[in-house]
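Both ligands and their constituent atoms are indexed starting at 1 by order of listing.
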Amino acid sequence: MKTIDDINFEGKKALIRVDFNVPLDKNFNITDDKRITAALPTLKKILNDGGAIILMSHLGRPKNGPTNEFSLVHIVAHLSTLLGTQVHFADDCIGQQAIQKSLTLKPNEVLLLENLRFYKEEEKGELAFAEKLSKLGNVYVNDAFGTAHRAHASTAVIAQFFTGAKYFGYLMASEIYNAEKVLNHPERPFTAIMGGAKVSDKILLIEKLLDKVDNLIIGGGMAYTFAKAQGGTIGNSLLENDKQELALQLVQTAKAKGVNLILPTDTVIADDFNNNANTNIVLTKKIPNGWMGLDIGTQTIANFSEVLANSKTILWNGPMGVFEMENFEHGTKAMAKAVVEATKQGAFSLIGGGDSAAAVAKFGMEDQVTYVSTGGGALLEYMEGKELPGVKALNS
Ligand code: AMP
């Protein structure tokens, strides 16, 4: 893996794919700048070397070409503040203006290109579009782990125009380092906590983890498919009817491989999918009709926490309940606390991106775990053992 530490950027023009797909409010203020701050170490190293930077990113999902709503111009001011230098902006990611601005860019200057996804060619991974982008710099850096599982023009296809001059940014490198550490060099006991809405989204990862972990904790909405498959009644809780057989198979496989698979024993139920609904705590396999499980119960919190307290490596992907609603956040919050506690005792904890990262952020515990991934889908696919196009393109 060639990282940006392998090159001095003095006099170079680094064309960097970043993931600045940040959430904006209706006045176009950035409501969470984590994706930008995550790329700062890479940008600062290149500027400190005396390089110039041309940034490429997407923002949102524009359908039909340029719109103000999805313009990256909205992040220029904040990015300039973070970098301590006025960032230039090209209001088209290709074409004369972009070429001109990149040509006249001086060392230590930064140019941000307009949203790549204003061109359909980006997501289609079109070679001619990638080639046009490639003309804007003489070194290619990819630091967009969040989109590394996409074979888009700027994330993968473009790399072929930079033979011998393509590098992993620090964020990409550390994402891969941390995922590899958990998957291939875990200190034991190794515990994975899986949660979230659906079993179907996480089957491949669960199967893969059964070859790796000592304990597999399953919570969140997906646990009810297991409870039903095992003969429980689950009321109106989330159910993937066609995944019951699979759930039983996973339980069997875990047993055969000597993995301790731990499911919730009790559940916070509600009579409506609503923060103000009536609630109760019952056995997970005895949820009455008309009620749905929206969080793990107190006994389950105690069981799961004990397993985490005795773990040396923890991978967490997916919330334990509907953590977006205050009355159903307790299970997820308790797990976050248990992960933080285990980390204090020396465990290595990796929080998978997406909703688990959002949950840890909501509870203000991001700095108390070992690593919070910035990649949702990308991390899942990497851990499932898939080769990510963005990673492959840099390595080949
Ligand atoms: P995922 O993207 O698969 O990690 O799923 C995350 C979503 O699952 C979050 O929005 C949670 O609100 C939701 N979720 C977790 N537990 C439950 C549950 N028991 N019932 C319904 N939704 C849930």
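The side chain of Glu324, and not its backbone, has at least one atom closer than 4.0 Å to an atom of ligand 1 (non-hydrogen atoms only; side chain from C-beta on). At a heavy-atom distance under 4.0 Å, only side-chain atoms of Leu238, from C-beta outward, approach ligand 1.
Under a 4.0 Å criterion applied to the non-hydrogen atoms of Gly196, ligand 1 contributes the atoms 1 (P), 3 (O), 4 (O), 5 (O), 6 (C), 8 (O). Atom numbering of ligand 1 starts at 1 in the shown order; those under 4.0 Å from a heavy atom of Leu294 are 19 (N), 20 (N). The Gly221 neighbourhood of ligand 1 comprises atoms 15 (C), 16 (N), 17 (C), 18 (C), 19 (N), with distances under 4.0 Å to a heavy atom of that residue. Numbered from 1 in the order shown, with element, the atoms of ligand 1 that lie under 4.0 Å from a heavy atom of Tyr224 read 19 (N).
Between Pro319 and ligand 1, a contact under 3.5 Å exists for no N or O pair. Remark: ligand 1 and Asp355 share an N or O pair separated by less than 3.5 Å (distance only, no angle test). Taking any N or O of Gly293, backbone or side chain, at least one lies under 3.5 Å from an N or O belonging to ligand 1. Between Asp295 and ligand 1, not a single N/O pair is under 3.5 Å apart. When only interatomic distances are considered, the shortest N/O to N/O separation between Phe273 and ligand 1 does not fall below 3.5 Å.
Phe20 contributes atom CZ, which lies 10.0 Å from atom NE2 of His78 (distance to the nearest 0.5 angstrom). The OG1 atom of Thr343 lies 9.0 Å from the CD atom of Gln368; values are rounded to the nearest 0.5 Å. Distance CD/Gln100 to CG/Leu136: 11.5 Å, rounded to 0.5 Å. Atoms CG and CG, on Leu263 and Leu216 in that order, are 8.5 Å from each other to the nearest 0.5 Å. Here the straight-line distance linking atom CG of Asn29 with atom CG of Asp33 works out to 12.0 Å at 0.5 Å rounding.
Relative ring orientation between Phe28 and His74 is described as parallel, the plane-to-plane angle staying below 30° on a 0-90° scale split at 30° and 60°.
Look at Gly321 and you'll find a heavy atom under 4.0 Å from some atom of ligand 1. Between Lys202 and ligand 1 there is a heavy-atom distance shorter than 4.0 Å.
For atom 23 (C) of ligand 1, the nearest protein heavy atom (residue, atom name, distance) is Val322 CG2, 3.6 Å. Ranking the protein heavy atoms by distance from atom 5 (O) of ligand 1 puts Ala197 N, 3.0 Å first.
The environment of CD in Glu324 is crowded: more than 12 heavy-atom neighbours from other residues, nucleotides or ligands sit within 6.0 Å.
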Worked verdict on Thr155 versus Thr147 for side-chain hydrogen bond (donor to acceptor under 3.5 Å, both in side chains): CA-CA 7 Å; Thr155 61; Thr147 45; 5.6 Å; no

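With hydrogens and angles left out, the side-chain atoms of Asp5 and Tyr167 include no donor and acceptor closer than 3.5 Å.
A side-chain contact (heavy atoms from CB on, under 4.5 Å) with Leu308 is found for exactly one of Lys337, Glu341, Met335, namely Met335.
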